[in-house]
Structure formats: structure tokens, C-alpha cells
Amino acid sequence: MNLPELPLRMRRMRSSPALRNMVREHVLTPHDLIYPIFVDEGISEPVAIASMPGVQRLPLSSVASVAQQTAALGIPGLMLFGIPKHKDAIGSSGWDADGIVQRAIAEAKQSAPELSIIPDTCFCEYTDHGHCGVLDGEHLLNDATLENLQREAISYARAGADIIAPSGMIDGMVAAIRAGLDGEGFDQVPIMSYAVKYASAWYGPFRDAADSSPSFGDRASYQMDPANGREALREAELDLAEGADMLMVKPGLAYMDIIRRVRERFDCPLAVYNVSGEYAMIKQAAANGWVDEQRIVLETLTGFKRAGADTILTYFAPDVARWLNDA
Ligand code: PBG
Ligand code: ZN
């Protein structure tokens, strides 16, 4: 036997739970989570979403109790997606003072005032064609959509929204919303911009859940090309210059490098969206007994923090908070 001397043995610091606890670099807590829910104006009982086991479309009457439970678990944010009864070409339900999201915001605020209520601010759930704004033929009109985004954001803020989260990848959306909010006295309402959002197949189950599939074409003329990384930094820089208070990278799993690059370049609060396809994939593998759901979810979300995210939007949020609180 002639083994070299090892000056450093990495295993020394892994040799007991106490040492591992002592040197752990990242710790996931319920405070790291935002819970996205779907509120459907057309139902009176919760309805299961086949492609997202464990997730339901909720009637307005469920919002108060879900908001309370979310807050009680220590989760600081609730993201709202609305499915309106009325859809039209411009998505006018989005700025109806009596719209489903506006009413859901009011319900949630009343039952859980300490929770940050974050309405997703876009039009694909409100338009009859499923695109994220106003069309001219098959072309998404940028600046006409900006005016409607101002109306929608102001309407959400009036209803009590704590954070506005524009998700449409419309150029200038952050500046337009900032000006609109400030003009109405909502200068204290922050903007969480979906700054880096890719045209992704990982949104598949969501489009069932929110009834928001485009009726023709796709979103590649406004969402980013999955092949582009440098462009993500330009998107992030622009949104910060327009006044975004927080940025988001979406999806998560296939874009860990993008989270890391945005984190290294910009010192702003950063969110990641663990999207519907990521949720569905883990759920199905776990249902088949192929992976351990709790371990794989905790590992995945800790990975987002390690990559550089400050907050994680995930349909697993209540389960994760329960696991962490019980541990
Ligand atoms: C709407 C929106 C989408 C998601 C969040 N906001 C869908 C899309 O852009 O098609 C996806 C969320 C998910 O997949 O969980 N613009
Ligand atoms: Zn949209």
C-alpha cells in the first residue's frame, strides 16, 4: 500500500448531522414561498385539474379559507390567476372593478390581511383568443396592450393588491404600469416583473388549469427563445431601468443557469417560478412510486435558492410549508 497523504478530507465535515447542520449554505423556509391559485368565476365547488394532481380551480367562496390557511403556514405570498365567465377580444374582464380577480383580492385581503396578494397581471385568461393582449390580425399590438395593462394594474391595486406581477413580456410593461400606479396614488405598490419568461412547453398543464391556451399560433413573438441566455440579462436590465422592484425567471428547472446569471449581475430581489409542468412531472413520478415526493421537492426548491432565487412560486407551497413546519 502506498497511498498519498490527503491534506484535506471533505468527508470530515459531513460526518455527523451536527456538522452538516453547522455548515449548510442554504436553508429553505416557508418564508421563501409564494402560492399560486386559480379562481374560477364559473364554479361553486372546487374542481380538480387533471394534469395537476392535488391542484384545484377554486370558486370565489373558497378564497378566504385558502388565504387564511396559506398565511397560517407562514407563507408570505398568494398569487392569483382568474378565470372569468366573460372573455372578449381585448380581455376587458381584466379591469372590471367587479371582475373575478378583483373580488378574489378583496376576499383574500379581508381574511388574511398579513398575506401579500399578488395578482398575475396579463390578458391570456381574459381574451377569447388566449393571447396576452390586443391583436391586429395575428399580431400582438404592444402599445395598445400597455394601455390595458395600466387599467388592469390600477384596478387590481384599487381592489387591494399588494404587488403587481405583469407576466406578458410586453415591451415597456413595467414603465407603463409604474406610471399608471403612481398617477393613481399607488406609488407604494411594488412591481414583480416576469422579466425573463421563456416560450416554454413547461406551461402545458397551466393552460388547461387557467383555460388560457392561444387559439392559434404560440407566444414565441413575445416570450423568450429558450436558446437565449445573454438576452435574459438585457430583459432584466430593461425591467430594472423601468422601475421593477423584483424580477422573475420562469420556468425554473431548465433555467437554473439563467437564475444564476441574473443573480450575479443584478442585486435585486429575484423570484423563480416552479411552473405547472415541473409540478406535474414530479407528481406523476411520485404517484408511480419512482421518486420520493417530499425529498425531491425539497431538493429542487433548495436548488433554486442555491442558484440565487430569493423567493419561489410553487404549487407545492402548502405541502412544503407543512413538511418544514413539522420537521
Ligand atoms: C400567463 C401565465 C402563464 C403562466 C403564468 N402566467 C402561462 C403562459 O404564459 O402561457 C404559467 C404558469 C405555469 O405553467 O405554472 N401569461
Ligand atoms: Zn399571458
Side-chain angles (χ1 to χ4, degrees), residues 33-39 49-57 77-84 87 89-91 93-95 101 118-135 140-142 145-146 148-149 152-153 156 163-171 173-174 177 192-226 235 247-255 271-283 297 300-301 304 312-317:
L33 308 173
I34 296 172
Y35 183 35
I37 63 169
F38 302 96
V39 188
I49 300 163
S51 52
M52 298 177 73
V55 179
Q56 299 170 314
R57 288 191 189 194
L78 187 70
M79 172 161 278
L80 298 178
F81 293 97
I83 303 139
K87 300 197 184 206
I90 57 174
S93 291
W95 62 88
V101 172
I118 314 169
D120 180 85
T121 302
C122 196
F123 288 106
C124 41
E125 295 119 64
Y126 308 113
T127 52
D128 50 18
H129 46 72
H131 280 282
C132 299
V134 181
L135 297 179
L140 186 89
L141 289 175
N142 199 85
T145 301
L146 291 180
N148 291 345
L149 277 171
E152 186 178 48
Y156 290 161
I163 301 177
I164 296 298
S167 65
M169 293 295 284
I170 310 300
D171 286 328
M173 66 184 184
V174 174
I177 289 173
M192 175 198 285
S193 179
Y194 289 65
V196 182
K197 180 173 176 182
Y198 287 90
S200 172
W202 292 92
Y203 309 148
F206 174 94
R207 292 181 186 175
D208 284 348
D211 188 22
S212 63
S213 289
S215 60
F216 65 87
D218 56 32
R219 304 205 204 289
S221 78
Y222 37 106
Q223 299 179 347
M224 279 180 61
D225 181 339
E235 286 282 3
L247 303 184
M248 192 195 300
V249 171
K250 179 182 174 195
L253 274 179
Y255 299 87
V272 58
Y273 203 134
N274 175 221
V275 299
S276 57
E278 301 170 23
Y279 175 87
M281 181 173 72
I282 289 179
K283 275 292 187 186
V297 170
T300 301
L301 302 193
F304 290 138
I312 304 163
L313 293 110
T314 179
Y315 306 100
F316 288 112

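Counting starts at 1 for both ligands and their atoms, following the listed order.
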Could you see which bit of Tyr279 sits under 4.0 Å from ligand 1, with heavy atoms only: side chain, backbone, both or neither?
-> neither

By side chain to side chain donor-acceptor pair (under 3.5 Å), Tyr126 pairs with (sequence neighbours left out) Tyr156

State, with a plain yes or no, whether a side-chain heavy atom of Lys197 is found less than 4.5 Å away from one of Glu235.
-> no

Going by the atom numbers of ligand 1, which of them fall below 4.0 Å from some non-hydrogen atom of Phe206?
-> 2 (C), 3 (C), 4 (C), 5 (C), 6 (N), 7 (C), 11 (C), 12 (C), 13 (C), 14 (O), 15 (O)

Selected option - heavy-atom contact closest to atom 3 (C) of ligand 1, from Glu278, Arg207, Met169, Lys250 = Lys250

On the 0 to 90° scale, with breaks at 30° and 60°, tag the Tyr279-Phe316 ring pair as parallel, tilted or perpendicular.
-> tilted

For the Zn ion (ligand 2), which protein N/O/S atoms are closer than 2.8 Å?
-> Cys122 SG, Cys124 SG, Cys132 SG

Taking the side chain as every heavy atom from C-beta outward, state whether Val101 and Val39 have any pair of such atoms under 4.5 Å apart.
-> no

For the residue pair Leu80 and Ile37, establish whether any side-chain heavy-atom pair is separated by less than 4.5 Å.
-> yes

What protein heavy atom is closest to atom 15 (O) of ligand 1, reported as residue, atom name and distance in Å?
-> Tyr315 OH, 2.6 Å

Heavy-atom side-chain contact between Met224 and Tyr255 under 4.5 Å | no

Mark up the atoms of ligand 1 that fall under 4.0 Å of a heavy atom belonging to Cys122, in ascending order.
-> 16 (N)

Can you check whether Cys122's main-chain N or O pairs, donor with acceptor, with Glu152's side chain at less than 3.5 Å?
-> yes

Asp171: side-chain contact (heavy atoms from CB on, under 4.5 Å) partners, not counting sequence neighbours | Asn142

Closest protein heavy atom to atom 2 (C) of ligand 1, given as residue, atom name and distance to 0.1 Å = Lys197 NZ, 3.3 Å

Test side-chain contact (heavy atoms from CB on, under 4.5 Å) applied to Ser51 - qualifying residues, sequence neighbours left out | Ile49, Pro205, Asp208

What is the closest protein heavy atom to atom 14 (O) of ligand 1, and at what distance does it sit?
-> Ser276 OG, 2.7 Å

Show which atoms of ligand 1 fall inside a sub-4.0 Å distance from at least one heavy-atom site of Cys124.
-> 1 (C), 16 (N)

Between the side chain of His131 and the main-chain N/O of Arg219, is any donor-acceptor distance below 3.5 Å?
-> no

